[in-house]
Amino acid sequence: MYASRMNLVTLREDPADAEIASHRLLLRAGYIYKSGAGLYLYGPLAHRVIAKLRAIVAEEISAAGGLEITMPILQEQSLWEASGRWLGYQATRTMLTTTDRGGQIFGLCPTAEEVVTDYAKAQINSWKQLPVCYFQQHTKFRDEIRPRFGLMRVKEFIMMDAYSFHADEASLDQSYAEMMEAYRRIFQRCGLTTFAVEADSGAIGGSGSHEFMAIADVGEDAILYNEDSGYAANVETARTTLKPAPAWAAPSEPTTVATPGAGTIDEVVAYLNAHGHADILPEHLLKTVLLVAETASGSITVAACIRGDRQINEVKVQNAISKALGSTAPGIAALRPMVEAEVRVATGARPGFAGPVDGLTVDLVIVDAQVPYDAPMVCGANRDDAHTLGLQVIRDVELDYCRADILLAEAGDPDPEQGLPMAVRRGLEVGHVFKLGTKYSAAMSAQFNGQDGKLHPMIMGCYGIGTSRLAAATIEQHHDERGICWPVALAPYTCVVVPAKGREQACVDAATAIYEELRSAGIDAILDERDCGPGVKFKDWELIGIPFTVVCGRGLADGLVEFKRRRSGESIDVPIADIRSTLQGAIAAG
Ligand code: ATP
Ligand code: MG
């Protein structure tokens with residue numbers, strides 16, 4: 001490629017609204033163009049990067065047994081009604097919809113479990129055809145509340161989505177493990193450092209799930225982990241075990257005492273410490289968080305009870321509510337704290353005095369699994385300025401309640417596997433794998449004839465990689481103050497040949513000859529014959545992130561050219577005759 005034909009448009013200044021490196025550099029180097037809010041056009045350079053990524057993904061997923069297909073982006077409402085997800089996706093407004101001239105409504109593919117299950121139902125009759133895995137790399141649409149960070153969170157993006165179908169759990173487990181291996185190879189080939197963490201299955205549903213996180217300070221996800229135990233989980237799902245609270249001198253029966261003006265945990269503890277209960281600690285309190293869950297068919301009031309020294313994890317609470325409501329209930333669109341007027345209705349008191357005892361009226365009470373059943377606690381008395389001391393959950397809570405893990409694990413907490421302290425770091429989710437089980441096949445009657453001669457719903461797994469986000473995540477891990485440092489496998493071009501003395505014919509001829517030789521060796525090379533100074537050229541290629549530069553300059557008289565590596569900045573003189581093999585060696589080394 002001749003640089004003069006590439007219509008390179010680079011910016012010297014950082015665009016005002018670009019907060020993170022990948023966003024800034026993709027815009028400055030001319031890879032992407034903002035076509036609308038959360039909508040980007042991939043320019044010629046980005047197109048090449050995405051094409052390389054797609055090829056890597058397709059190769060590895062195919063090697064793991066995936067069959068590549070293309071599904072329609074327009075998805076019929078009836079398919080989503082069959083799976084039971086239409087209302088939930090409408091309520092959360094995740095799915096964009098459109099209407100055809102006949103008034104029929106379609107969803108714009110946010111994910112394709114319904115479409116592929118319908119396909120598998122038509123294709124698969126017998127256990128002999130299983131397992132099967134279909135995948136595609138196609139556009140997805142999500143009506144993100146806050147599109148941001150360039151390609152990281154957009155309304156329209158490319159995702160590799162794969163779906164596997166199995167006759168039994170063991171086969172699903174095997175494919176799940178193979179897919180995780182394929183993911184590892186994909187990210188490794190992209191030069192991306194990732195690790196797999198236990199994850200929440202979210203709106204997709206299912207029993208097990210891992211996310212692949214690219215480590216990055218700008219990551220939107222917090223990960224709790226311990227290097228030695230190997231435990232790693234998204235904070236949304238991370239588990240821990242709390243140290244039991246020490247004993248305190250509690251009354252043997254629940255006793256309500258005045259706590260004037262003391263509504264927060266610290267205030268209650270301070271008040272009680274000063275009034276005859278010096279041994280009460282925050283962990284002796286039962287914090288009752290009052291929430292409203294909005295669903296497509298109305299709202300549900302919830303009291304979430306947790307040890308006073310800890311916070312609730314809203315994702316876990318949301319999952320606990322969904323579980324309590326049952327699988328046929330409409331999905332939860334939003335979870336929010338009650339406003340003061342709602343608290344007064346639910347407790348008869350102002351905020352700060354709620355407890356799972358007499359006087360509380362909510363639709364659902366959830367008690368965190370680590371609140372002790374039989375150790376005495378302190379909770380609000382559902383009366384202004386009053387708390388109840390000595391409450392035992394198993395003995396004194398007469399409301400209907402369920403127990404679930406709703407605890408927000410924190411840095412420093414012991415991991416659930418070996419009890420080693422967890423640290424926190426930030427990550428960008430680039431891929432996700434789920435064990436779906438029979439959620440979709442059962443709802444949509446996608447059955448097969450088993451070896452036992454009976455009909456069974458197919459057991460499913462699903463797997464996603466955000467192809468376009470992957471490109472951005474790679475830049476987060478591979479850039480410096482001068483621009484992008486693409487790993488060779490993803491770079492739009494591998495090498496640029498620069499005649500440093502562009503006005504001297506001998507220099508241009510030498511550069512052209514080298515360029516032709518590299519091209520005929522199958523190397524993605526550029527000849528920068530633009531009519532501008534070498535300084536401008538070098539700055540452009542550093543910004544764009546081409547891994548290798550060959551400079552034809554002073555050394556030509558001695559038969560030498562300069563070979564420069566973008567990432568290390570290292571530069572050596574190489575005889576012209578050796579430049580191709582030098583470059584091939586460097587490419588092979590990555
Ligand atoms: P997030 O938590 O970041 O919103 P998600 O968990 O909703 O993502 P999945 O449904 O797991 O996303 O989709 C699979 C992959 O698609 C994600 O791992 C991510 O790489 C990518 N992805 C999801 N949403 C977006 C988006 N809005 N823009 C770009 N890529 C996305
Ligand atoms: Mg995900």
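Note that ligands are numbered from 1 as they come in the structure, with each ligand's atoms numbered from 1 the same way. Reckoned from all heavy atoms, side chains included, excluding hydrogens, waters and symmetry mates.
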Does the pair V433 and Y183 meet the rule for a side-chain contact (heavy atoms from CB on, under 4.5 Å), with working shown?
CA-CA 9 Å; V433 292; Y183 273 41; 3.7 Å; yes
Pair L335, I321 - check side-chain contact (heavy atoms from CB on, under 4.5 Å), show working.
CA-CA 10 Å; L335 189 65; I321 298 171; 3.7 Å; yes
Take R85 and E113 through the test salt bridge (charged side-chain N to carboxylate O under 4.0 Å, His left out) and record every step on the way to the result.
CA-CA 10 Å; R85 284 206 297 182; E113 283 78 11; 2.9 Å; yes
side-chain contact (heavy atoms from CB on, under 4.5 Å) between R307 and Q370, intermediate numbers included:
CA-CA 8 Å; R307 223 168 79 167; Q370 294 197 61; over 6 Å; no
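Under the 6.0 Å cut-off for aromatic ring centres, H432 and F212 do not qualify, their centroids lying 6.0 Å or more apart. Ring to ring, Y31 and Y42 are not that close: their centroids are 6.0 angstrom or more apart. Checked against the 6.0 Å centroid threshold, Y163 and Y134 do not count as a close aromatic pair.
Taking distance alone, with nitrogen or oxygen atoms compared against 3.5 Å, V154 approaches ligand 1 more closely than that limit. Taking distance alone, with nitrogen or oxygen atoms compared against 3.5 Å, R469 approaches ligand 1 more closely than that limit. Residue I465 has no nitrogen or oxygen atom sitting less than 3.5 Å from a nitrogen or oxygen atom of ligand 1, judged on distance alone. Checking only distances, E429 does come within under 3.5 Å of ligand 1, N or O to N or O. On a distance-only criterion, R153 and ligand 1 share at least one N/O pair closer than 3.5 Å. Between G466 and ligand 1, a contact under 3.5 Å exists for at least one N or O pair.
For the pair S468 and ligand 1, no heavy-atom separation below 4.0 Å is found.
Taking 2.8 Å as the criterion, E429 counts as a coordinating residue of the Mg ion (ligand 2), since one of its N, O or S atoms falls below it.
In the candidate list R142, M152, E211, R142 is nearest to atom 9 (P) of ligand 1, counting heavy atoms.
For ligand 1, the atoms lying closer than 4.0 Å to a non-hydrogen atom of G431 are 18 (O). Remark: ligand 1 atoms within the under-4.0 Å shell around heavy atoms of L151 are 29 (C). Taking every non-hydrogen atom of V430 and a distance limit under 4.0 Å, the qualifying atoms of ligand 1 come out as 18 (O), 20 (O). Interface atoms of ligand 1 facing E144, defined by a heavy-atom separation under 4.0 Å, are 24 (N), 26 (C), 27 (N).
Under 3.5 Å, the side chains of D221 and N234 contain a donor-acceptor pair of N or O atoms.
Looking at H432 and the Mg ion (ligand 2) together, the shortest N, O or S contact belongs to ND1.
Under the salt bridge (Lys or Arg N to Asp or Glu O under 4.0 Å) test applied with E220, the options R153, R469, R146 reduce to a single match, R153.
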